[in-house]
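Before any comments, here is the structure.
Here is how names work: the chains are called A, B, and so on, in the same order as the sequence lines, proteins then strands, and each is numbered from 1.
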Amino acid sequence: MQTQCTWSCRHEVLGALRSKSSSLFASSRHLLRQYAAGSRSRRRRPPSFAAMSTVATEKEASPNQKESSGKPLQVAKRLEKFKTTIFTQMSMLAIKHGAINLGQGFPNFDGPEFVKEAAIQAIRDGKNQYARGYGIPDLNSAIAARFKKDSGLVVDPETEVTVTSGCTEAIAATILGLINPGDEVILFAPFYDSYEATLSMAGADIKCITLRPPDFAIPINELRSAISKKTRAILMNTPHNPTGKMFTREELNEIASLCIENDVLVFSDEVYDKLAFEMEHISVASLPGMYERTVTLNSLGKTFSLTGWKIGWAIAPPHLTWGVRQAHSFLTFATNTPGQWAAAAALRTPDSYYVELKRDYAAKKQILVEGLKEAGFKVFPSSGTYFVVVDHTPFGLENDIAFCEFLIKEVGVVAIPTSVFYLNPEEGKNIVRFTFCKDEGTLRSAVERMKAKLKKT
Amino acid sequence: MSTHLFDGLPLRVGRHVQGICDRLAKIVKGTHGLEVDPLTDIAICCGQTEAFAAAIFSIIDPGDEVILFDPSYETYGASISIAGGVPVFVALDPPYWTLDDGKFLKSFTSRTKAVVLNSPHNPTGKVFSKDELEVIATACCTNDCMVITDEVYEHITYDKTKHISLASLQGMQERTIITSSLSKTFSVTGWRIGWAIAPPAIASAIKNIHIRITDSAPAPFQEAALTALESQPQYFESLRQDYELRRDFLARILAEVGLRIRFKAQGSFFIFVEIPEECLLSDVDCVKKLIEEAGVVGVPGCGFFHSNKQVEVGADNFYGNRYIRFAFCKSDDTLAAAAQNLREFVNRAGAFDRSEGVKC
């Protein structure tokens with residue numbers, strides 16, 4: 001039976017004790033008590049937020065006597081941290097110039113027929129109503145089975161797997177479910193841009209460690225100084241978008257020992273785990289002492305070229321899963337049902353699928369990388385994902401955004417400026433990201449354009 | 001400008017099918033007289049759930065108060081709390097779930113940022129009347145606060161009751177975020193296609209939040225939404241009629257079981273029944289009894305009540321454990337089977353309103 005809402009009074013259920021490795025949904029109530037209890041008459045501004053836009057609406061006047069201000073009502077202050085427009089500009093420019101798009105991080109080819117058929121069949125079979133909130137049993141089992149094959153870890157699909165609308169939601173639910181305002185979280189720059197925004201939604205205190213070219217290795221000494229008993233979590237991504245770097249076993253061991261020593265959680269975004277070319281992907285959860293403090297995040301989209309289906313998941317021990325599920329239940333409540341049935345079928349695919357996937361992508365990568373080198377870019381080695389980052393400075397443009405605009409207008413190819421992936425944009429100004437998740441024809445055309453137009457300059 | 005964003009555009013531009021926005025704009029214009037710009041005023045989300053969560057995150061700062069009508073769908077309060085907001089519950093008065101103007105107006109403070117309005121209403125089936133909407137509108141304009149509506153049952157109303165969108169009242173569109181979805185209208189609750197409609201600055205903030213929560217609603221179902229939203233009036237009329245028949249059928253059955261229905265559902269697909277006074281069982285115990293002995297499931301109403309706590313009002317006035325919600329969004333076969341089970345239950349155990357029958 002699928003009830004639309006739970007029976008238990010959630011407020012009573014939120015009795016979770018404050019401990020570092022348990023869900024801290026209850027701590028938002030602590031925050032409520034702070035504000036509700038004696039602060040009715042004053043508007044408290046957290047010091048990290050500046051006043052928003054041009055007009056501050058002061059609501060101190062007597063409630064029933066205020067006249068309408070006529071000013072646009074204010075959006076929440078958390079949005080101040082949100083950057084948006086660079087990609088909008090790029091997209092308009094790209095369309096205007098008919099540029100070949102190697103910027104967007106999703107394929108221009110379709111997913112496998114058998115997965116699509118499974119979704120169609122699920123729809124025909126009437127599987128169109130709410131799924132169980134944390135995932136249909138079949139998919140949770142398939143995820144657990146796949147995770148066991150890949151990492152060796154045995155997890156309980158009922159208590160340790162949560163299905164979400166894409167890995168994006170898995171990240172959001174993890175952060176909103178397990179991070180309190182003021183918690184310190186460590187990020188590695190460059191990072192997938194939603195990490196920073198989502199952490200700021202949770203009111204986290206972000207500490208950033210920059211990975212630098214040419215190999216984007218983890219600066220271990222910096223990490224050692226950054227991490228302390230105050231740190232709540234590390235958010236990591238391997239294989240890494242945008243650089244293609246894969247965290248090595250040595251690096252993961254280092255992270256693990258620091259996390260264990262300081263009782264820190266790890267949120268590990270592993271969506272590109274099947275696109276590991278130069279080394280084996282290692283799930284940090286599989287290291288000794290790590291499972292109990294790790295949330296492993298993944299999705300269907302990249303592996304099966306169905307990025308629009310929005311099927312993702314979080315794997316974590318029960319005490320962390322609880323927080324993820326709480327947040328998930330009010331973020332989206334449940335994940336689309338037909339897609340889940342199809343995902344279960346997809347995840348049961350034999351290993352040959354993944355072998356072929358890697359082979360296809362390796363061929364595409366070769367086309368792109370060779371082409372970029374010939375065009376004159378300094379290409380950094382990429383071990384995984386379907387991204388490659390390059391140094392564009394040989395072409396004399398002042399920064400990454402200027403270069404990308406030039407590339408669209410004069411060459412007819414789209415790349416992504418990476419400065420948006422850093423807390424300090426200056427750190428990304430020499431680097432742009434290309435993707436090779438495109439059919440070979442598209443890649444060859446793009447490469448030809450770049451060789452033709454860039455080698456001249 | 002490409003209308004299908006999956007093929008041409010770099011990441012971080014809201015990935016939605018623009019055609020849905022175009023159709024929604026036409027629909028709200030035709031139904032509610034609202035002028036909405038499909039390019040700037042609409043965010044497509046993973047269900048109304050996500051639209052609501054994104055709406056909350058887009059306007060609620062820590063400490064902001066949000067007024068909700070009790071009983072209420074539980075998720076609203078949770079979303080508000082996680083954004084650091086303070087839910088303030090205003091009880092609708094049983095047995096007809098009337099809005100007490102005084103109680104409502106007194107709940108506004110200098111911290112009130114928004115009111116949440118769910119109409120047609122889950123769990124009671126109430127459809128807020130024009131007069132009630134005027135009261136709400138006036139209060140919101142006077143206090144310069146926002147409204148987030150949940151209108152998912154907008155097409156499921158009975159007995160000629162019309163759903164009126166609060167945003168269509170004077171002074172309201174500029175301060176209202178409308179949320180709704182395909183789910184209940186098209187019986188596809190598992191597809192996760194919903195939306196928020198708001199003035200451009202707010203809609204932009206909602207999109208900004210949405211792309212960090214899920215990035216996009218599922219692509220294939222967005223395409224299907226295009227077709228769904230082309231449905232002709234006949235579709236909605238037959239939806240209403242089908243549900244009205246089911247409502248009446250279930251209401252009769254529940255009355256036979258001795259459960260009390262003083263308030264006839266005007267909308268949604270729920271009947272919120274009262275446990276008769278003679279029966280001393282709580283809602284949870286009644287539901288248990290029905291599951292174990294009749295094989296029929298309802299939802300105890302206590303989960304929907306946040307105010308009217310026993311400690312607040314004393315035993316006499318306490319009704320938080322006197323209601324059960326039944327849904328009739330079920331096939332005819334299911335409803336018939338439920339009827340059969342309940343009749344047998346009554347024959348065996350007696351009805352709830354016969355004190356010598358059920359062991360209350």
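- Between chain A and the residues B/A54, B/S58, B/G47, B/A53, the largest count of heavy-atom pairs under 4.5 Å involves B/S58.
- Using a 4.5 Å cut-off on side-chain heavy atoms (C-beta onward), B/I202 and A/V75 make contact.
- In this structure, chain B has a heavy atom under 4.5 Å from the backbone of A/T335, while its side chain stays farther away.
- A 4.5 Å side-chain heavy-atom check between B/R192 and A/Y130 finds at least one atom pair inside the cut-off.
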Practice problem: Show your reasoning for whether side-chain contact (heavy atoms from CB on, under 4.5 Å) applies to B/I213 and A/T168. | Solution: CA-CA 6 Å; B/I213 296 180; A/T168 303; 5.9 Å; no
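- In this structure, A/R78 and B/D61 approach most closely via the heavy-atom pair N-OD1, 4.2 Å.
- Proximity to chain A (any heavy atom under 4.5 Å) is restricted, for B/I56, to the backbone atoms N, CA, C and O.
- Residues B/F57 and A/L176 meet the side-chain proximity criterion, which asks for heavy atoms closer than 4.5 Å.
- Put simply, the residue from A/L331, A/T332, A/T164 that forms a side chain to side chain contact (heavy atoms under 4.5 Å, CB included) with B/C46 is A/T332.
- Taking B/Y76, B/F221, B/F52 one by one and counting their heavy-atom pairs under 4.5 Å with chain A, the maximum is reached by B/F221.
- When all heavy atoms are compared, the tightest approach of B/T49 to A/F330 is CG2-O, 3.5 Å.
- In this structure, the portions of B/A83 lying under 4.5 Å from any heavy atom of chain A include both its backbone and its side chain.
- Proximity of B/D215 to A/K310: side-chain heavy atoms (C-beta onward) are separated by under 4.5 Å at one or more points.
- When each of A/N336, A/T435, A/T337 is scored by its heavy-atom pairs under 4.5 Å with chain B, the top score falls to A/N336.
- With a threshold of 4.5 angstrom between heavy atoms, A/I123 approaches chain B through side-chain atoms but not through N, CA, C or O.
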Practice problem: Report the C-alpha distance between A/Q129 and B/T189 in whole Å, list the side-chain angles of each, state the deciding distance to 0.1 Å, and finish with yes or no for side-chain hydrogen bond (donor to acceptor under 3.5 Å, both in side chains). | Solution: CA-CA 5 Å; A/Q129 305 310 325; B/T189 59; 2.7 Å; yes
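- Heavy atoms closer than 4.5 Å to chain A are found in both the backbone and the side chain of B/S187.
- For the side chain to side chain contact (heavy atoms under 4.5 Å, CB included) criterion with A/W309, the lone passing option out of B/P220, B/S216, B/P218 is B/P220.
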